[in-house]
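Input: a single structure, listed below in structure tokens.
What you see below is based on every heavy atom in this structure, not just the backbone, and it leaves out hydrogens, waters and symmetry mates. The sequence lines fix the lettering, A, B, ..., with proteins before strands; numbering per chain opens at 1.
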Amino acid sequence: MLKQIPQTDLDYVEFYASKMKEDNNLFEQQKNLIESQMKSSRAVFRNLFSDGDFKLNARSYLRKIGLIK
Amino acid sequence: MKGYSIFDDVIVINRELTELDIFVKDFLEVLKNYSDYLIVSGFVSICSGRTRATEDVDILVPQMNKEKFENLFEDLVKNNFWCYQGDEAEGLFSYVENLNNIRFARLGEMFPNMEVVFFNESKKAKFCEFSNPQKIRIGNFEFKIPPIEFEILYKEIVLAGKKDFEDARHLRAFFSDIIKEENFKKYEGVIRGELRC
């Protein structure tokens, strides 16, 4: 049973999902957040690796953060 | 309007495509020419409304032979994807042989990426979810995900991080009208088996 006043992060997730199930207008906010994140990420990495070979610079970064060997 | 509807066993999410959906759709349009697949993990929650950031989209792909992998790789490159692990398909086939993951992003971009998870029948849980796909559609984009109950249990039992519990709670609430308790019982054994491997 959903609590009336969400208190924890999990409560808020459940509250929002329950609202979204009944009202698809809430997807608009979700779209805005996702696309905003993608735009920011794109800008950060284009600026970071704009000098020289993107893939070379990207792989060097990925090795530093341990995502590739 | 409700958040989703069901038509002929397909879950139809009633929303517009996002840029993230289009990234996944473009990747699948190439992959589907070479292999079957299953989209798993975070994107399953996000495509059904979970509002959080993500960097990767996990996709299960059955282990394939070298020729098929090389053709797939070349086609992805031709369609403006680049591979984190390298530029030569031949040198990357060992990842497929050893069931290691490889990642692809759009050329000139770092994130999001498609994390390709190769598997074979020795991976019981992956094989189980792959063999019981659920179709889901957003606009004109239809793709395959695990049974919702499987995805929830996998996040709660195997992945079990804060983000995973939140994703699972989202799925439980959003799909509460179609979740079947008997399916939890059906999938729990195979998922707990993965923990013992």
| Which bit of A/Tyr12 is near chain B, if near means a heavy-atom gap under 4.5 Å: side chain, backbone, both or neither? | neither
| note | Checked B/Ala105, B/Gly108, B/Ala53 vs chain A; the most non-hydrogen pairs under 4.5 Å come from B/Gly108
| query | Should the ring pair B/Phe69 and B/Phe93 be called parallel, tilted or perpendicular, given that the plane angle runs from 0 to 90° and is split at 30 and 60? | reply | tilted
| field | Under 4.5 Å from any heavy atom of chain A - which part of B/Asn101 | value | neither
| Taking the inter-plane angle between the rings of A/Phe45 and A/Phe49 on a 0 to 90° scale, is it parallel (under 30°), tilted (30 to 60°) or perpendicular (over 60°)? | tilted
| request: Spell out the residues in residues 1-15 of chain B that have some non-hydrogen atom less than 4.5 Å away from a non-hydrogen atom of chain A, in order of number; otherwise answer 'none'. | output: B/Met1, B/Lys2, B/Gly3, B/Tyr4, B/Ile13, B/Asn14, B/Arg15
| message | Check this for me: B/Lys163, atom NZ, are more than 12 non-hydrogen atoms of other residues, nucleotides or ligands nearer than 6.0 Å? | response | no
| Option that, when pairs with chain A are counted at under 4.5 Å, heavy atom only, ranks first among B/Glu16, B/Arg50, B/Arg106 | B/Arg50
| said: With a 4.5 angstrom heavy-atom cut-off, is it the side chain or the backbone of A/Leu10 that approaches chain B, or both, or neither? | reply: both
| message | Can you tell whether the side chains of B/Lys155 and B/Glu166 come within less than 4.0 Å, N to carboxylate O? | response | no
| query | Salt bridge or not for B/Arg103 and B/Glu55, using N-O below 4.0 Å? | reply | no
| query | Hey, mind stepping through A/Ile34 and B/Asp21 against side chain to side chain contact (heavy atoms under 4.5 Å, CB included) and telling me if it holds? | reply | CA-CA 10 Å; A/Ile34 287 171; B/Asp21 299 321; over 6 Å; no
| Is the backbone N or O of B/Cys83 less than 3.5 Å from a side-chain atom of B/Asp87, with the two atoms forming a donor-acceptor pair by type? | no
| Electrostatic pair B/Glu151-B/Arg172, nearest N-O below 4.0 angstrom | no
| query | Under 3.5 Å, is there a donor-acceptor pair between the side chain of B/Glu149 and the main chain of B/Glu181? | reply | no
| Backbone N/O of B/Phe150 and side chain of B/Glu129: donor-acceptor pair under 3.5 Å | no
| Just how far is it from atom CE of B/Met114 to atom CG of B/Asp26, taken to the nearest 0.5 Å? | 10.5 Å
| query | Side chain, backbone, both or neither: which part of A/Glu22 has an atom under 4.5 Å from a heavy atom of chain B? | reply | both
| query | Does a side-chain N-to-carboxylate-O contact under 4.0 Å join A/Glu35 and A/Lys31? | reply | yes
| field | Structural part of A/Lys39 lying under 4.5 Å from a heavy atom of chain B | value | side chain
| remark: Against chain B, residues from residues 56-63 of chain A with at least one heavy atom under 4.5 Å, in numeric order, are A/Ala58, A/Arg59, A/Tyr61, A/Leu62
| field | Interface moiety of A/Met20 toward chain B, non-hydrogen atoms closer than 4.5 Å | value | both
| query | Taking the inter-plane angle between the rings of B/Phe27 and B/Phe104 on a 0 to 90° scale, is it parallel (under 30°), tilted (30 to 60°) or perpendicular (over 60°)? | reply | tilted
| said: Among B/Phe175, B/Phe174, B/Phe111, which residue has the highest count of heavy-atom pairs closer than 4.5 Å to chain A? | reply: B/Phe174
| message | Regarding B/Glu97 and B/Lys66, does a basic nitrogen lie under 4.0 Å from an acidic carboxylate oxygen? | response | no
